[in-house]
2 protein chains.
Amino acid sequence: MKELTKQQTKVLACVEVYLNKTGFPPTRAEICKELGFKSPNAAEMHLRALEKKGYISIQSGSSRGISIVKSQQSFEQTGEQMPVIGLVAAGSPTLAEENIEKRISCDPNMFSDSFDYFLKVKGLSMIEAGIHEDDLVAIKKTTDVKNGDLVVVRLEDEVTLKYFKKTNHSLELIPANKDFSTIEVDLREQEAFVEGKSVGLIRTH
Amino acid sequence: MKELTKQQTKVLACVEVYLNKTGFPPTRAEICKELGFKSPNAAEMHLRALEKKGYISIQSGSSRGISIVKSQQSFEQTGEQMPVIGLVAAGSPTLAEENIEKRISCDPNMFSDSFDYFLKVKGLSMIEAGIHEDDLVAIKKTTDVKNGDLVVVRLEDEVTLKYFKKTNHSLELIPANKDFSTIEVDLREQEAFVEGKSVGLIRTH
DNA sequence: TTATATACTGTAAAAATATACAGTATAAAT
DNA sequence: ATTTATACTGTATATTTTTACAGTATATAA
């Protein structure tokens with residue numbers, strides 16, 4: 001998608017804001033009034049440029065015939081674009097851009113608790129908890145977890161999604177698959193970092 | 001909210017469909033063309049009635065100045081409050097207001113395919129497919145289903161979520177739990193209504 | 001029988017709107 | 001020094017659109 005000039009960005013934002021506020025697109029004159037232009041042709045030219053670059057489409061001959069093709073600020077709508085992070089074998093699931101597989105438009109409060117990102121599940125270790133490969137688990141970044149919570153824990157360079165159980169100096173990371181065994185960590189010997197806990201799950205059929 | 005007449009319902013639906021398709025509301029003339037009226041005043045009168053009853057608001061003097069206040073079919077929007085319907089023992093999962101348990105703010109296009117509502121799962125018949133009690137299954141209203149699809153089917157007054165398999169005159173509704181048995185329907189003897197199919201799932205932990 | 005509400009047709013005019021054309025100004029690129 | 005792209009002003013007009021007004025038809029309620 002082609003880059004927008006500063007003014008084109010403003011005009012696109014103006015159209016989107018107007019649309020959100022009123023439910024229908026603005027006229028050329030209304031865009032001018034909003035952005036301080038004195039000629040409807042100013043708006044017209046920017047709209048044409050936006051159409052040529054594929055951000056909007058214009059229904060010729062129709063009043064207010066503007067529709068948004070590619071929104072600049074789709075996340076400003078009802079829901080946000082929540083990042084999906086692959087559960088890679090090594091490294092922690094950071095929110096750095098390079099780890100984000102894609103984004104999904106949804107409400108961060110759609111589950112009982114808010115969440116920060118989706119973790120894409122690899123493997124079958126939690127299958128008996130109804131968590132399949134490629135399911136997206138909604139993770140809330142926190143270290144405040146209780147026994148029995150489904151948590152994301154990092155050990156050395158490995159990140160896993162397991163049930164959490166802590167007893168004195170020992171931490172158990174319990175899978176939900178009888179073919180897998182519990183990971184036991186002696187906290188006096190090895191560090192374990194709780195990255196967050198699951199507050200929900202989504203799956204595409 | 002006041003009741004709508006049949007024609008008012010049609011006009012409101014027409015506006016919403018147009019809005020979803022084009023991104024902006026229709027003119028009086030376009031409503032007429034769509035619904036077969038021969039005078040723009042026909043549309044005008046219905047719009048006024050819809051405004052008086054609080055379903056839309058009309059920006060006087062503006063072209064296409066219609067905005068939806070209370071949608072008949074809010075599930076058709078984007079980034080909206082998607083209804084959650086309980087899988088009740090009897091009756092079909094209609095979107096009538098009284099069947100909607102709550103609404104969840106999310107994008108109707110968050111899964112591979114768009115969907116119309118969430119169905120709240122009751123029972124354990126699909127547990128081996130990783131579908132638990134109280135999971136919300138995203139349902140797309142369609143009768144276009146293939147063998148192997150996870151579908152919502154109504155038999156008499158009962159609604160179930162099962163895997164779909166059709167062979168000649170027989171329909172099999174297959175559970176994913178070895179403690180449950182397949183429902184077999186002879187379509188020459190009994191009617192079966194496909195309400196829709198699952199395109200995704202969400203669960204709150 | 002007479003209202004009353006619903007549901008339109010048909011026409012017309014005023015207002016809103018898109019959009020073409022002719023310019024001006026400025027900064028960056030060639 | 002000249003072109004090119006961006007970013008406008010200002011005007012004009014054909015077209016679109018709203019919206020008022022005058023009717024017609026039909027079913028239902030009083």
Side-chain angles (χ1 to χ4, degrees), chain A residues 1-19 21-70 72, chain B residues 1-19 21-70 72:
Chain A
M1 189 75 58
K2 279 180 183 165
E3 289 279 305
L4 295 182
T5 67
K6 251 182 184 175
Q7 289 302 81
Q8 285 160 12
T9 304
K10 268 194 194 175
V11 171
L12 180 53
C14 173
V15 172
E16 293 189 56
V17 166
Y18 190 102
L19 207 43
K21 212 166 55 184
T22 68
F24 45 89
T27 64
R28 287 18 173 202
E30 284 161 350
I31 295 171
C32 290
K33 200 180 161 195
E34 198 65 38
L35 299 180
F37 304 155
K38 283 172 187 165
S39 166
N41 196 43
E44 177 74 18
M45 291 315 216
H46 288 309
L47 290 175
R48 291 288 174 80
L50 286 167
E51 189 185 30
K52 200 166 271 175
K53 291 184 179 176
Y55 285 79
I56 65 174
S57 83
I58 299 174
Q59 178 84 250
S60 165
S62 290
S63 66
R64 301 175 188 274
I66 305 168
S67 59
I68 304 294
V69 172
K70 178 168 177 57
Q72 289 186 291
Chain B
M1 189 74 59
K2 277 181 186 166
E3 289 279 305
L4 296 182
T5 67
K6 251 182 184 173
Q7 289 302 82
Q8 285 161 12
T9 305
K10 269 193 192 175
V11 171
L12 179 53
C14 173
V15 172
E16 293 189 55
V17 166
Y18 190 101
L19 207 43
K21 212 165 56 186
T22 68
F24 45 88
T27 64
R28 286 22 170 201
E30 284 160 348
I31 294 171
C32 290
K33 200 180 161 195
E34 196 65 38
L35 299 179
F37 303 154
K38 283 172 186 165
S39 165
N41 196 42
E44 177 73 18
M45 291 315 217
H46 288 309
L47 290 174
R48 292 289 175 80
L50 285 167
E51 189 186 30
K52 200 165 271 175
K53 290 182 180 177
Y55 285 79
I56 65 174
S57 82
I58 299 174
Q59 179 85 251
S60 165
S62 290
S63 67
R64 302 176 188 273
I66 305 168
S67 59
I68 304 293
V69 172
K70 177 167 179 59
Q72 287 186 294

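Numbered from 1 within each chain, the chains take letters A, B, ... in sequence-line order.
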Exercise. On DNA chain C, check which nucleotide each of B:Ser62 and B:Phe37 is closest to and give me the residue with the more 5' one.
Key: B:Phe37

Exercise. For A:Arg28 and A:Ala43, indicate whether the former's side chain and the latter's backbone hold a donor-acceptor pair under 3.5 Å.
Key: no

Quiz item: Looking only at heavy atoms, what is the nearest atom pair of B:Leu35 and B:Val11, with distance?
Solution: CD1-CG2, 3.7 Å

Quiz item: Do you know the tightest heavy-atom contact between B:Glu16 and B:Ile68?
Solution: CG-CD1, 3.7 Å

Practice problem: Measure from the side-chain heavy atoms of B:Lys38 and tell me the nearest of C:dG10, D:dC8, D:dA7. | Solution: C:dG10

Quiz item: Are OP1 or OP2 of C:dA20 and a side-chain N or O of A:Arg48 less than 4.0 angstrom apart?
Solution: yes

Quiz item: When you check the side-chain N and O atoms of B:Thr22 and A:Ser67, is any donor under 3.5 Å from an acceptor?
Solution: no

Quiz item: OP1 or OP2 of D:dT19 sitting under 4.0 Å from any side-chain N/O of B:Ser60?
Solution: yes

Exercise. Take atom CD of B:Gln59 and atom C1' of C:dA16, then tell me their distance rounded to the nearest Å.
Key: 13 Å

Quiz item: What does B:Gln7 touch in the nucleic acid at a heavy-atom separation under 4.0 angstrom: a base, only the sugar-phosphate, or nothing?
Solution: sugar-phosphate

Quiz item: Closest nucleotide of DNA chain D for B:Asn41 versus for A:His46: which of these residues is on the 5' side?
Solution: A:His46

Self-check item: Per B:Ser39 side chain, nearest of listed nucleotides C:dT9, D:dT9, C:dC8
Solution: C:dT9

Self-check item: Phosphate OP1/OP2 of D:dA5: any A:Thr5 side-chain N/O under 4.0 Å
Solution: no

Self-check item: Nearest-angstrom distance from the residue atom CD of A:Glu44 to C1' of D:dA14
Solution: 14 Å

Quiz prompt | Gap between atoms NZ and P, on A:Lys6 and C:dA27 respectively (whole Å) | solution = 14 Å

Quiz item: Within the structure, does a side-chain N or O atom of A:Arg28 lie under 4.0 Å from either OP1 or OP2 of C:dT17?
Solution: no

Quiz item: If only side-chain N and O atoms of A:Thr27 are considered, is one of them under 4.0 Å from the OP1 or OP2 phosphate oxygen of C:dA16?
Solution: no

